[in-house]
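Chain identifiers are assigned alphabetically (A, B, ...) following the order of the sequence lines, protein sequences preceding nucleic acid strands; residue numbering begins at 1 within each chain.
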Amino acid sequence: MKKLTLPLSESQIEALHAGDCVLLSGTVYTARDCAHKRFFEYMDAGKPLPFPLKGAFIYYAGPCPAPEGKASGSCGPTTSARMNAYAPRLLDAGLGGMIGKGEMSEEVAAALVRNRAVYFAAIGGAGAFYGNAVKKSDLLAFPDLMSEAVYRFEIEDFPLVVAADCHGKSVYAKE
Amino acid sequence: MRIIPTEEIENCVCRLARKACIRLTDPCRAALEEACARETGAAEFALRTVLENEKIAAREQMPVCQDTGMSCVLIELGQDVLLTGAPLRDAVDEGVRRAYREGRFRKSICDPLTRVNTGDNTPAHLHVEPVAGENVKITFLPKGFGSENMSRLVMLTPAEGTAGVIRTIVESVKLAGSRPCPPVVVGVGIGGSFDSCAFLAKKALTRPLGSANARADVAAIEREALEKINALGIGAQGFGGVTTALSVACEIAPTHIAGLPVAVNMQCHCVRCEEEVL
């Protein structure tokens, strides 16, 4: 099993191929539908996002509240396709990649190729596994969105599958 | 006549929700173990992670999935029961409110337009069915929306018949693809009206996974649809393989001479459902 730590270099991203299983560690930022909508409002207004986009990874997820003494509650991926409308522009602005679940659009696949980025699939329904692998969590922005707020996570050995790589290949080719 | 204070119903809903969100049903776990043994590559990796996940959830007392769902509460209310105390709707919502706060479950219910969260996972989706006797059966189904979003309802013509029903089920799973967290469980409503058909599909999801409909022709639809779905090649999480669905459950009701409604309610592999009889 390949172990990787964020941020990823261009050569590390190029070495990833659809279907590869990896364990990923490092810093990721959570964001779902509502947070993405606000990112776009910020970008349209020329305001900086809550975190530097260059090389960053967004985790499409909204955690359960953290139990006493833990960094996060259950926190598996949400369906990425809902973010099809947002991902290309963020990738063009420097986003390093995304973590979510399920197939994304052809526009997203093209943006991954264009920007040498990668889309990882986490295993949907494994919320306790991923929540337990979050070692540190900071609320960065939009607390009014509750579980949909933007959190900065330090993750350790997230089990992931390369869903769409920077060579234009997808693990979902059979669909 | 049996008197039941609605506080007992509140406590029961709370108990069922606390239990349901942190474990898979036994038949679901068994089906996932079987699937894991027959799959390879990324699909096996996904199923292994899901099975390990439930062990972590049990050990840490954390929800198996962060989407602790819309709280679907199905009550079969014996007509010889007299309910006393707070209104039933309030008691059920209070049970949900307490469970989601105490269990530290995610609150996922919001206004459909403003998207403002209600903050406590209420209101529950409450369905009360009057039945004979003096018992109250409560079923709690925390319904995740990754799969709910992939559900469909189609008004077929009577001419399309059984073949049309099977085609609709298989086509729905194909359209959903990798998005509803396959291997899925497919709840199907056949007949009734537009709205009651959708509820039949939801009710089908509360049946023990893998159980067959008592009517032979309906059970045959379940078997044939499952076989065709598992030939689609979508597989666990969409990673390919022969396990796209764990089960198809159909519920049927008489319909109008002019129609053949079919509802397909998609459920992810994370089947959580608990029931109790008061």
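In this structure, B/Arg98 does not pair ionically with B/Glu94, as no charged nitrogen and carboxylate oxygen lie closer than 4.0 Å. A salt bridge links B/Lys202 to B/Glu148: at least one charged side-chain nitrogen sits closer than 4.0 Å to a carboxylate oxygen.
Counted by atom type alone, B/Glu274 and B/Thr139 present zero donor-acceptor pairs between their side chains at under 3.5 Å. With hydrogens and angles left out, the side-chain atoms of B/Thr206 and B/Glu275 include no donor and acceptor closer than 3.5 Å. In this model, a donor atom of one side chain and an acceptor atom of the other lie less than 3.5 Å apart for A/Lys101 and A/Thr79. Checking B/Tyr100 against B/Ser71 by side-chain atom types alone, a donor-acceptor pair falls below 3.5 Å.
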Report the C-alpha separation of A/Thr27 and A/Glu154 in whole Å, then their side-chain angles, then the decisive distance to 0.1 Å, and conclude whether the side chain to side chain contact (heavy atoms under 4.5 Å, CB included) test is met. CA-CA 5 Å; A/Thr27 305; A/Glu154 297 301 325; 2.9 Å; yes
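Of the two parts of A/Pro67, the backbone and the side chain both hold a non-hydrogen atom closer than 4.5 Å to a non-hydrogen atom of chain B. With a threshold of 4.5 angstrom between heavy atoms, A/Ala122 approaches chain B through N, CA, C or O but not through any side-chain atom. If you measure heavy-atom distances from B/Cys65 to chain A, the contacts under 4.5 Å come from both the backbone and the side chain. Only the side chain of A/Cys34 comes within contact range of chain B, with heavy atoms under 4.5 Å apart. For chain B, the nearby part of A/Ala66 is the backbone; its heavy atoms alone come within less than 4.5 Å.
Across B/Gln61, B/His269, B/Lys107, the residue that shares the most heavy-atom pairs under 4.5 angstrom with chain A is B/His269. Among B/Val116, B/Leu47, B/Val64, the residue making the largest number of heavy-atom pairs under 4.5 Å with chain A is B/Val64. Options A/Ala61, A/Gly62, A/Ala18, A/Ala81 differ in how many heavy-atom pairs under 4.5 Å they form with chain B, and the most are formed by A/Gly62. By number of non-hydrogen pairs under 4.5 angstrom with chain B, the leading residue of A/Leu160, A/Leu145, A/Asp33 is A/Leu160. Ranking A/Pro159, A/Gly76, A/Ser147, A/Gly100 against chain B, the residue ahead of the rest is A/Gly76, based on heavy-atom pairs under 4.5 Å. Put simply, of A/Gly124, A/Ala163, A/Gly102, the one with the most heavy-atom pairs under 4.5 Å next to chain B is A/Gly124.
Around the CD atom of A/Glu106, the shell of radius 6.0 Å holds no more than 12 heavy atoms that belong to other residues, nucleotides or ligands.
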